[in-house]
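Below is one structure; the comments refer to it alone.
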Amino acid sequence: MHTFVMVLAFVILGLVGTLAAAETQSRPNIILIVADDLGYGDVSCYGQKRFTTPHIDRLANEGIRFTQAYAGSTVCAPSRCSLFTGLHTGHAVVRGNKPSSERDGFASNTPLPEGTVTWPALLAQSGYATGMFGKWGLGAPGNSGEPAKMGLAEFLGYCDQTEAHDYYPSFLVHNREKMQLAAGTWSHAVIWDGAMDFVRKNRNGPFVILCTVTVPHAKLQVPEADSAPFLTRYADLQGQAKIDAAAYAGMITRLDADIGRLLELLQKEGLDKKTLVAFTSDNGPAASGQPLGYFNSSGGLRGIKRDLYEGGIRTPLVVRWPGRIAAGQTSDLSCAFWDWMPTACALAGVKAPTDGDGISFLPTLLGKAAEQKRHDSLYWEFFEKGTCRAVRFGDWKAVQAGFVSAPDGPVELFDLAKDPSEKTDVAAANPAIIAQARKLLTDSRTAAPAWEGGGTGEGKGKGKGKNKP
């Protein structure tokens, strides 16, 4: 009798454990891959013709492809700040790139302040394992914005965005330590392998992985095996231009192949249907390196990185979650990086902050268009190139250059429905719309002296306030 009771107890405990595991796994693993300086037209499912990206295309074919998704900014640091905090650049603390400073042996860009709420931290508190592999750019060990303080239990990559220009560094940062690399080590390979290992270690889930890779940013450095196939393909280019083009194509196709490896791993570990995988980019393509325009990297849109025209901020976004996101969808929903905060929280069953700028796009992912709330407007501001700000409302897009010194200065107006490439300024013919745009441009921001006045940027901007869960 005693033995029977013991066996029954073990059976009950086993069932309880199985049910608990099943309940935990009802929340999806989330893998968000963020390329660096990859343009709207730099993958083949968005029109790239000079090379192919079959694995990114697979994400789109087996999930949903967004045609009007936006980055948080037109450069690195503020875009990532928006992604993690759910605040656009009219309210975020980090609104631009600042020169690096050094503390405790680590270079750092403007750090996020103590107490900043990020969605990885909220998910970590609810039981998710969290890891980032790639570029952070919002702090470093020893200051307020180090990854561990922002909810990232494991970090491997670059804390400082300037150091991230080099694909053959002497070290990467692993958690709070310098991880020395052997000479000739291509950093992207180390970073991606780290993400793959994180999947294996956390196969029982749930987990969040941010693959904020540096490809194809800055220096066009890639192993010869990845660029060599393209050296014989671009006969219309010569010399350094051909070498650069081959490197650029090689970098993106290598990233695409790595995404294929990741999908294979998820299948092997039985995680395919438990995992949402998304791919996007942190801003538009850069002019440096590749022959400008050769790959049509902006996808026919006006502008590139450091512009607030569509080419500088509109990005690819494809999302796959087998069994939950219907295959072969295309969405024209206007969404942006700050929408990831409420979306990730909704996926995880976590209460999102109430004072953010984002709207969850989970209803669109799940095919519930009737339940999808939409933005009245989307806003960006930028403090390089003489300062600029932009707002999209409906199909209208307003862009104002020089707004810090001349807040009442001229405003350009474009009808994106008729003119997605922003070729024709229709401001003069639409005075009522311009009046509406000026009000939105003014009302969408709070003051940020650290950026407007050229200060140090070390957490001095007056943001919208700490997110409150």
Side-chain angles (χ1 to χ4, degrees), residues 29-38 53 55-56 76-77 79-80 83-84 106-109 120 129-141 146-148 150-202 207-223 225-227 247-248 250-266 275 277-283:
N29 305 313
I30 301 171
I31 300 178
L32 175 56
I33 303 162
V34 184
D36 198 341
D37 288 7
L38 179 140
T53 53
H55 301 291
I56 297 171
C76 171
S79 194
R80 291 157 199 271
L83 173 66
F84 285 100
F106 292 94
S108 175
N109 308 108
T130 58
M132 170 180 272
F133 301 86
K135 185 165 73 173
W136 173 232
L138 298 171
E146 67 175 279
M150 296 299 136
L152 299 165
E154 182 170 355
F155 173 79
L156 173 61
Y158 300 89
C159 285
D160 174 73
Q161 62 198 33
T162 303
E163 291 178 343
H165 292 184
D166 186 3
Y167 288 88
Y168 292 97
S170 61
F171 72 91
L172 293 172
V173 178
H174 186 213
N175 298 329
R176 304 190 81 252
E177 305 294 333
K178 290 183 177 180
M179 174 182 171
Q180 300 298 322
L181 300 181
T185 300
W186 194 50
S187 61
H188 172 79
V190 178
I191 288 166
W192 196 265
D193 286 347
M196 300 275 282
D197 287 341
F198 191 87
V199 171
R200 298 183 186 98
K201 289 186 296 186
N202 295 281
F207 59 75
V208 170
I209 301 177
L210 287 304
C211 294
T212 53
V213 297
T214 54
V215 172
H217 176 260
K219 293 182 181 179
L220 296 177
Q221 298 171 325
V222 66
D226 295 303
S227 62
Y248 191 79
M251 294 172 88
I252 296 175
T253 54
R254 171 61 181 269
L255 172 58
D256 182 76
D258 285 337
I259 291 171
R261 290 173 52 215
L262 174 65
L263 295 177
E264 288 180 7
L265 177 62
L266 294 175
T275 306
V277 180
F279 174 85
T280 189
S281 178
D282 68 344
N283 47 248

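For the numbers below, each heavy atom of this structure counts, side chains included, while hydrogens, waters and symmetry mates do not. Note that the structure is a prediction, hence the values are computed from the model and not measured.
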Just how far is it from atom [atom1] of [X] to atom [atom2] of [Y], taken to the nearest 0.5 Å?
| X | Y | atom1 | atom2 | value |
| --- | --- | --- | --- | --- |
| Y167 | T214 | OH | OG1 | 4.0 Å |
| M251 | W186 | CE | CH2 | 6.0 Å |
| T212 | W136 | OG1 | CH2 | 9.0 Å |
| T53 | L38 | OG1 | CG | 8.5 Å |
| F133 | I191 | CZ | CD1 | 10.0 Å |
| Y158 | L172 | OH | CG | 5.5 Å |

Query raised in the report: Using a distance-only test with no angle check, is there a side-chain donor-acceptor pair under 3.5 angstrom linking H188 and D258?
Result: yes
Query raised in the report: Considering all heavy atoms of both residues, which atom of S281 and which atom of D37 are nearest to each other, and what is their separation?
Result: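 Scanning both residues completely, I find the closest heavy atoms to be OG-N, 3.9 Å.
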Would you say [X]'s side chain and [Y]'s backbone share a donor-acceptor pair under 3.5 angstrom?
| X | Y | result |
| --- | --- | --- |
| N109 | Q161 | yes |
| R80 | K135 | yes |
| N175 | E177 | no |

Query raised in the report: Which of parallel (below 30°), tilted (30 to 60°) and perpendicular (above 60°) describes F198 and F207?
Result: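 Correct class here is perpendicular.
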Query raised in the report: Should the heavy atoms of other residues, nucleotides or ligands under 6.0 Å from CD of Q180 be counted, would the total exceed 12?
Result: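 Result for CD/Q180: enclosed.
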Requested in this report: Quick one: do V277 and L266 satisfy side chain to side chain contact (heavy atoms under 4.5 Å, CB included)? Show the steps, please.
Outcome: CA-CA 10 Å; V277 180; L266 294 175; 3.8 Å; yes
